[in-house]
Amino acid sequence: MNTYHTFSLLFFLRKERSNTDGKAPIFLRITINGKRAEIATKRYIDSKKWDKKANKPKGSNLEAKKLIAYLDTIQNKMYDHHREMIDHNEFITAQNLKNRYQGISGKNWALVECFKKHNEEMQKLIDKEYSKSTHKKYETTFDHVKKYIQKKYKRDDLYLKELKLEFITGFMEYLMVDEKCCYNTAAKYSKNVMKITNQAINNEWLDKDPFANFEINYKPVKRNFLTETEVKLIEDKKFQIERLETFRDLFLFACYTGLAYSDINKLTYDDCRELFEGEEWLKTERTKTKNESIVPLLEKPLALIEKYRTHPKGLNTNRVFPSFSNQKHNSYLKEIADLCGIQKNLTFHMARHTFATTMTLSKGVSMESVMAMLGHKNIKTTQIYSRVLPQKVREEMKKVIDNEKKSKTKENPS
């Protein structure tokens, strides 16, 4: 498995664990590829009788010779186990060698097994460290990995030591061809697999990264958004069906505040605060990133909050808006788009893009302020929304044209 590696053995004293007689225990340190494991030899010695340079007992008396012979026996057994592990192509780490010496069989971990363990641990931490949606993405990746291994290798699992670069490149191809995933989606699933192998390396279940030469480069994605005219169409539309009107209002609230649906769904009146004199703000923690999002509540989003203050579904929950099932989002938005005559494929996340592009950046709000309002961890994420809109070009060029006209008027008053 790892035929080339650094390997050394060293006997040393642990003086801090000396017994009542003042003798220190002798330990053996195993170092493989810079990582260590230690074994107690169950022998003690007076530290004055220990040769620090030679790392062995001093003297040639019978007691010293017996102790040296005992330590040599341990060292030789360790070398024998190390050689056997190489001969059997086993995964060699300091901990695995120690386990073998102590009669503890080293576990040969497999990918599906590791993935299942990871997802089970992640599920226990939902709403603490991870969101349900993040766990669901890893479960989807897990299903893809199992199907890919069964199709390509005709097996239910692969040992970690069997993984090579061709596994992850083949997985990418499988996702795009067989599962009809776009490139970026396939890349995200592949990145999830790489998290599992990195975790295995940290746990010393795998000695090196089989995908070290695999680089993921996401392709730029054009993020759709609504123009002010399109937002106005949705805003002015009269709906005969209450559920469409309510969901329209949630969508508009997202356009005005940049909140994702998961954040609006858990929004309470406690999140609406007067941070400055006479000014209402939203201050909440994002479900996805756990970052703080802070957004001023302007006239329109404030009006929507007031509209639902006495809604029957929110009276006993302190929630600002009624909640909807995630499965219904797309069908509601399609109906809203059709009724408003909007040709774009409306998604709830498009409201967030609309806030970033149409409502803020295009109106001169700084990138840093938009980053704070969206609750982004990195400004590079916010920069994705930075684009030059046609109306912005028109406004800028109009200034140039007006300046030219003024110059000509000064040169030729007639």
Side-chain angles (χ1 to χ4, degrees), residues 1-18 24-45 47 50-57 67-68 70-111 113-115 117-118 121-122 129 158-169 190-216:
M1 177 58 180
N2 44 347
T3 53
Y4 176 77
H5 55 268
T6 59
F7 169 51
S8 65
L9 299 173
L10 174 72
F11 288 104
F12 68 102
L13 302 186
R14 280 210 176 276
K15 294 181 182 179
E16 73 278 6
R17 298 187 188 179
S18 296
I26 304 172
F27 275 75
L28 174 63
R29 177 180 295 145
I30 309 164
T31 306
I32 294 177
N33 288 337
K35 293 190 176 181
R36 298 173 173 178
E38 294 173 358
I39 294 174
T41 66
K42 299 181 181 179
R43 292 293 186 273
Y44 289 76
I45 189 173
S47 59
W50 183 259
D51 188 336
K52 291 182 180 179
K53 289 184 179 180
N55 298 307
K56 66 177 184 178
L67 184 53
I68 290 171
Y70 175 76
L71 298 180
D72 284 344
T73 300
I74 293 176
Q75 183 171 262
N76 290 334
K77 283 184 179 179
M78 199 63 70
Y79 280 127
D80 289 340
H81 286 306
H82 180 252
R83 172 51 56 189
E84 287 172 6
M85 291 180 78
I86 292 176
D87 291 342
H88 290 90
N89 195 31
E90 293 182 25
F91 178 32
I92 303 172
T93 67
Q95 187 61 47
N96 285 351
L97 183 54
K98 174 184 175 179
N99 290 345
R100 190 181 180 91
Y101 173 81
Q102 294 178 330
I104 304 170
S105 58
K107 183 172 176 58
N108 204 357
W109 286 88
L111 180 59
E113 181 183 22
C114 288
F115 218 131
K117 184 176 186 297
H118 168 273
E121 291 173 353
M122 178 180 273
E129 290 187 26
L158 285 180
Y159 288 115
L160 293 176
K161 68 179 184 180
E162 296 179 279
L163 296 177
K164 296 178 181 177
L165 181 62
E166 65 177 356
F167 176 90
I168 199 73
T169 55
S190 299
K191 191 173 182 180
N192 291 346
V193 174
M194 293 168 75
K195 181 193 173 184
I196 305 302
T197 53
N198 287 333
Q199 191 177 67
I201 292 168
N202 293 335
N203 289 332
E204 294 192 350
W205 301 337
L206 188 60
D207 64 331
K208 64 179 181 180
D209 186 358
F211 312 138
N213 295 322
F214 182 74
E215 189 174 350
I216 293 178

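Computed from a prediction, not measured in an experiment: that's the story for all the values here.
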Looking at side-chain heavy atoms only, is the closest gap between [X] and [Y] below 4.5 Å?
X   : Y   : answer
I39 : I74 : no
M85 : L97 : yes
L9  : I30 : yes

Sequence-distant partners of [X], side-chain contact (heavy atoms from CB on, under 4.5 Å), two or more places apart:
X    : answer
N203 : Q199, W205
R17  : R14, P25, F27
E129 : L125
I201 : N198, L206, D209

Straight-line distance of [X] [atom1] to [Y] [atom2], nearest 0.5 Å:
X    : Y    : atom1 : atom2 : answer
I168 : N213 : CD1   : CG    : 13.0 Å
Y159 : E113 : OH    : CD    : 8.5 Å
S190 : F211 : OG    : CZ    : 9.0 Å
R43  : L71  : CZ    : CG    : 8.5 Å

Taking every non-hydrogen atom, the tightest pair across [X] and [Y]:
X    : Y    : result
N55  : W50  : C-CZ2, 3.3 Å
S47  : L13  : CA-CD1, 3.8 Å
T41  : I26  : OG1-O, 2.7 Å
F115 : N192 : CZ-O, 4.4 Å
C114 : I196 : CB-CG2, 3.8 Å

Worksheet entry | Residues forming a ring pair (Phe, Tyr, Trp, His ring centres under 6.0 Å) with F7, sequence neighbours excluded |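 F7 satisfies ring pair (Phe, Tyr, Trp, His ring centres under 6.0 Å) with Y79, H82 once adjacent residues are dropped.
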Worksheet item: What residues form a ring pair (Phe, Tyr, Trp, His ring centres under 6.0 Å) with F167, not counting sequence neighbours?
Response: Y148
Donor-acceptor pair, side chain of [X] and main chain of [Y], under 3.5 angstrom:
X   : Y   : value
N96 : I92 : no
D51 : P57 : no
K98 : E38 : yes

Fill in: Charged N-O contact under 4.0 Å between K117 and E121
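Yes, charged N to carboxylate O under 4.0 Å.
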